[in-house]
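Report on one structure; see the data block that follows.
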2 protein chains.
Amino acid sequence: MSKGFRTFQAALNTWDTQLYFPTPTSFLQDWENNIQEAQKRFKATTPTQRAALLLRIASFLQQDKLDIQEVYCRESGLSKERFESEFARLTNTIFVFAEHIQQFSWQKQNILPLENKTLLKKRIALGPVLVLGSSNFPLAYSTMGGDTTAALAAGCCVVVKAHPMHVGTSLAVANCVKRALQELNLPDRIFSHVIDNTYAWATTFAKHPQIQAIGFTGSIKGGRALMDLAAQRPRPIPVFAEMGSLNPVVICSDLQIVQIETIAQQLARSICTDAGQFCTKPGLLLVDATHFETFKKLLLEALATLVAVPMLHPDIYQKFEACKRQVFQVKGVKPYQSNVNQDGLKGLWGIAQTTPELLLIESTLLEEVFGPFAVLSPFENENVLQPLFEKMNGQLTISIFTNNALDIHPVLTHFIEEKVGRAIINGVPTGVSVIEAMHHGGAYPASSDARFTAVGPDSILRFTKEVCWQLHQ
Amino acid sequence: MSKGFRTFQAALNTWDTQLYFPTPTSFLQDWENNIQEAQKRFKATTPTQRAALLLRIASFLQQDKLDIQEVYCRESGLSKERFESEFARLTNTIFVFAEHIQQFSWQKQNILPLENKTLLKKRIALGPVLVLGSSNFPLAYSTMGGDTTAALAAGCCVVVKAHPMHVGTSLAVANCVKRALQELNLPDRIFSHVIDNTYAWATTFAKHPQIQAIGFTGSIKGGRALMDLAAQRPRPIPVFAEMGSLNPVVICSDLQIVQIETIAQQLARSICTDAGQFCTKPGLLLVDATHFETFKKLLLEALATLVAVPMLHPDIYQKFEACKRQVFQVKGVKPYQSNVNQDGLKGLWGIAQTTPELLLIESTLLEEVFGPFAVLSPFENENVLQPLFEKMNGQLTISIFTNNALDIHPVLTHFIEEKVGRAIINGVPTGVSVIEAMHHGGAYPASSDARFTAVGPDSILRFTKEVCWQLHQ
């Protein structure tokens with residue numbers, strides 16, 4: 001067994017050992033028999049009642065925390081520390097959303113005395129939402145993750161398709177949701193959970209006339225397939241898919257050497273934390289030529305001190321190695337990667353040094369490599385970056401390191417306004433705050449709809465619509 | 001020449017007389033050369049600057065009002081009274097939006113002191129928008145109509161494809177927009193205007209990588225074609241298409257006879273005003289059985305007193321007659337229509353009496369007939385309507401006439417929350433107020449995305465996105 005996933009053989013066994021069986025097709029009939037009534041009753045709840053549901057779910061998650069941790073670490077190979085931070089993120093999101101919906105202004109009113117009428121616009125649930133669990137966040141973007149929490153906060157019933165790589169975690173979390181629904185005497189079909197190691201359930205629900213929206217976090221291929229399915233329905237529905245991103249980093253000329261050292265260390269950690277398996281992992285480092293050699297040396301030094309952790313799944317690891325190889329094979333690219341130690345765990349990371357000219361002609365260099373990997377290039381001045389930004393896809397983030405935060409180069413600001421969801425000044429892209437000012441999205445294919453965020457309370461708006469009541473006297 | 005369009009031969013001549021030539025394909029090169037710079041500059045304007053632009057446009061429209069009126073009436077066959085009301089609607093929308101964007105909270109901020117960072121989320125323009133002029137609102141939903149005004153208010157450049165039925169009106173209005181841009185020294189490519197009696201320009205722009213959104217008002221066929229084009233792009237873009245609607249009306253049992261008379265008169269006018277060429281024209285009248293015969297008699301009497309106006313275009317008139325015939329030919333339908341007078345103008349309207357059972361099995365009866373036409377059916381009690389509502393498509397509106405405004409039957413409220421954008425209690429669906437509480441949209445195919453409104457200042461949100469700036473200390 002190769003380095004990168006040897007500590008979590010259990011994940012591999014998920015299907016081999018038949019621990020978890022796919023949900024039988026007979027489930028659909030039960031769902032269809034009950035979903036309309038469940039959605040009707042859930043829509044009729046008040047924000048306070050929905051907040052109570054969310055908080056009850058959080059409290060059951062707290063109760064079951066140790067059990068969830070055990071299966072989470074076993075299935076994903078992620079560390080206990082990572083579990084702690086992701087669990088905190090999960091419950092924090094629930095708390096923030098529960099608070100938000102009670103304060104949110106769900107309606108707008110206009111009284112038109114001359115016309116003797118009153119108009120009241122109410123924001124209500126869009127209807128049942130299909131959520132696809134992500135591979136890289138078994139908690140925060142899966143069963144009761146950002147999409148489900150947003151949908152429940154809005155009053156939408158949810159069908160979660162568990163990600164096949166962490167079905168046990170998904171079941172443990174789903175169990176908490178189901179208990180909360182039971183305790184509050186709410187219909188159990190408000191939350192449904194299906195298991196599947198094919199595309200069958202995802203396709204069935206994506207096409208189902210009762211499903212009104214889809215939430216997805218994953219690959220461009222997967223997200224686009226869902227977008228296409230949704231667009232081809234007799235009655236199309238919105239999809240919010242959060243897909244790939246390179247998360248370019250720009251290191252400007254005005255920095256001091258001492259700052260470069262700190263930045264190199266920050267970026268090394270940002271690239272490698274949890275084996276770089278984040279949608280916000282920095283994947284393209286553009287460094288002003290004056291600092292390039294210094295930065296490269298410091299980055300490689302910092303990377304050399306980091307100990308790799310196993311990747312989430314053998315498939316992900318194999319894909320990572322294949323993509324890394326593909327980039328390294330591009331003519332003109334200078335490859336750097338860790339030496340494999342005897343324990344097989346040192347390393348994993350790769351850095352591909354290139355040039356702005358090569359970036360412009362080699363599309364492979366502008367494709368996301370999921371894992372601890374980044375493309376590194378010097379640039380003479382920001383104007384050189386313009387054609388590169390024009391070629392580049394939409395991005396979740398850009399990070400800019402500079403001492404002139406108030407005077408960002410117009411080439412950068414233009415790129416940000418055209419294609420980027422979040423611009424980080426003097427910080428790394430990993431670490432997404434669950435707050436109102438967050439925007440986690442970006443032009444396609446960073447997300448399927450740049451108008452909505454996947455993180456923060458505004459993400460609830462993905463799953464609401466408005467109805468105007470117009471009363472005549 | 002048949003009744004219905006004989007007073008506006010000029011409209012027919014639009015293309016025959018070669019008054020207006022299609023925009024040559026060479027235009028595209030000029031547009032491509034300038035759109036990015038124009039969008040960059042327009043995005044950088046403040047809401048106050050954009051409000052100034054909107055108000056300047058309104059003032060040029062006022063200056064040219066008489067010229068616009070002349071070509072509007074000549075091309076559309078619509079009356080001067082209708083021109084006055086549509087012109088007021090047009091300028092009012094501009095005023096409301098100009099006011100709104102100056103008060104709107106364009107950003108959200110969170111300061112996270114523990115993490116030493118500040119997040120600022122700004123709402124900005126989505127990018128260039130393609131707007132397709134509608135046939136039935138030469139002013140309010142065309143060149144400088146709701147979509148264009150919303151897009152300009154957001155800071156998006158606009159390409160308008162003039163509706164071929166009123167190219168002269170479109171040119172006259174476009175001229176005002178162009179003068180305002182010139183006077184304020186803004187790039188002229190902020191607003192572009194193309195003429196075309198085929199689908200060529202619409203298709204070219206709908207597929208163009210620079211176009212970031214589409215606004216459309218018209219048929220389901222046209223709207224869906226645009227949705228499909230947009231979804232198939234390498235980088236899909238959002239489409240807001242406002243398409244067909246039956247606008248069902250429900251007349252409840254609790255009303256008094258004297259009320260029925262008023263309602264019959266209101267509905268007769270709502271069906272026939274401007275030859276029923278409104279997306280909100282009531283097209284399905286469901287009347288409680290106890291009032292059915294009385295209502296029918298009063299409605300037919302009221303209709304008999306109305307004088308028809310010509311339809312917008314011979315094509316629309318012919319399609320109206322064909323659709324009306326199709327419904328009348330359904331077995332079991334009882335047709336009512338006006339007697340044609342010697343002047344050929346009396347009438348136009350049609351009423352098709354049917355039953356709830358027939359509505360359930362004959363899909364033809366549930367398709368919009370654009371023009372002064374409605375399907376009329378009695379019902380025994382609201383529960384009978386449930387399967388009908390389940391079968392029915394999404395609707396822009398429903399009107400409910402009742403003395404128990406606070407106790408709407410659950411079958412109706414459920415239908416409203418599932419599929420309807422606006423519920424009018426004791427009023428007709430025609431007449432849409434341009435205010436914040438308005439929602440003009442609905443489940444597909446009333447609109448392509450139930451989450452957005454086509455009318456009122458919230459319609460600006462169709463054409464904005466958010467960017468988060470995250471600053472680290």
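Convention: sequence-line order gives letters A, B, ...; per-chain numbering from 1. Values below: all heavy atoms of this structure, side chains included; hydrogens, waters and symmetry mates excluded.
- The residue among B:Q212, B:Q107, B:R462, B:Q109 with the most heavy atom pairs within less than 4.5 Å of chain A is B:R462.
- Taking CZ of B:R451 as the reference point, atom CZ of A:R123 lies at 10.0 Å (rounded to 0.5 Å).
- Annotation: maximal heavy-atom pairing with chain B below 4.5 Å, among A:A44, A:P234, A:A405, occurs at A:P234.
- Proximity of B:P236 to A:M227: side-chain heavy atoms (C-beta onward) are separated by under 4.5 Å at one or more points.
- The heavy-atom pair separating A:A437 from B:C468 by the smallest distance is O-SG, 3.3 Å.
- Remark: the backbone N or O of A:G442 is not paired with any side-chain donor or acceptor of B:K465 at under 3.5 angstrom.
- Within the 4.5 angstrom heavy-atom criterion, atoms from both the backbone and the side chain of A:E417 approach chain B.
- With a 4.5 Å cut-off on non-hydrogen atoms, A:N393 touches chain B through its backbone and its side chain both.
- Between B:K108 and A:E436 the shortest heavy-atom distance is NZ-OE1, 3.4 Å.
- With a 4.5 Å cut-off on non-hydrogen atoms, B:D228 touches chain A through its side chain but not through its backbone.
- For A:L396, no part lies near chain B; criterion is any non-hydrogen pair under 4.5 Å.
- A heavy-atom distance below 4.5 Å is not found between the side chains of B:Y444 and A:R233.
- A distance-only check finds no donor-acceptor pair linking the side chain of B:K121 to the backbone of A:H439 [under 3.5 Å].
- With a 4.5 angstrom heavy-atom cutoff, B:K117 touches chain A only via side-chain atoms.
- Per-residue heavy-atom pair counts under 4.5 Å with chain B were compared for A:L120, A:L126, A:I124, A:D458, and the maximum is reached by A:D458.
- With a 4.5 Å cut-off on non-hydrogen atoms, B:I435 touches chain A through its backbone and its side chain both.
- Using a 4.5 Å cut-off on side-chain heavy atoms (C-beta onward), B:H472 and A:I424 make contact.
- Per-residue counts of heavy-atom pairs under 4.5 Å with chain A were compared for B:V420, B:D449, B:I416; the largest is that of B:I416.
- Here A:G427 is the residue among A:G431, A:S399, A:G427, A:P445 with the most heavy-atom pairs under 4.5 Å with chain B.
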Taking it one step at a time, do B:V467 and A:R422 satisfy side chain to side chain contact (heavy atoms under 4.5 Å, CB included)?
-> CA-CA 6 Å; B:V467 175; A:R422 180 167 54 114; over 6 Å; no
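- You'll find the side chain of B:S433 stays beyond 4.5 Å of the side chain of A:N110, heavy atoms only.
- Put simply, the side chain of A:N426 does not reach to within 4.5 Å of the side chain of B:L471, judged on heavy atoms.
- The line from CD of A:Q470 to CD1 of B:I425 is 9.5 Å long, rounded to the nearest 0.5 Å.
- Within the 4.5 angstrom heavy-atom criterion, no atom of B:P410 approaches chain A.
- At a 4.5 Å heavy-atom cutoff, the contact between B:E115 and chain A is made by side-chain atoms alone.
- Looking only at heavy-atom pairs under 4.5 Å with chain A, the residue among B:Q39, B:H440, B:K43, B:R224 that has the most is B:R224.
- Remark: the backbone N or O of B:H414 is not paired with any side-chain donor or acceptor of A:K40 at under 3.5 angstrom.
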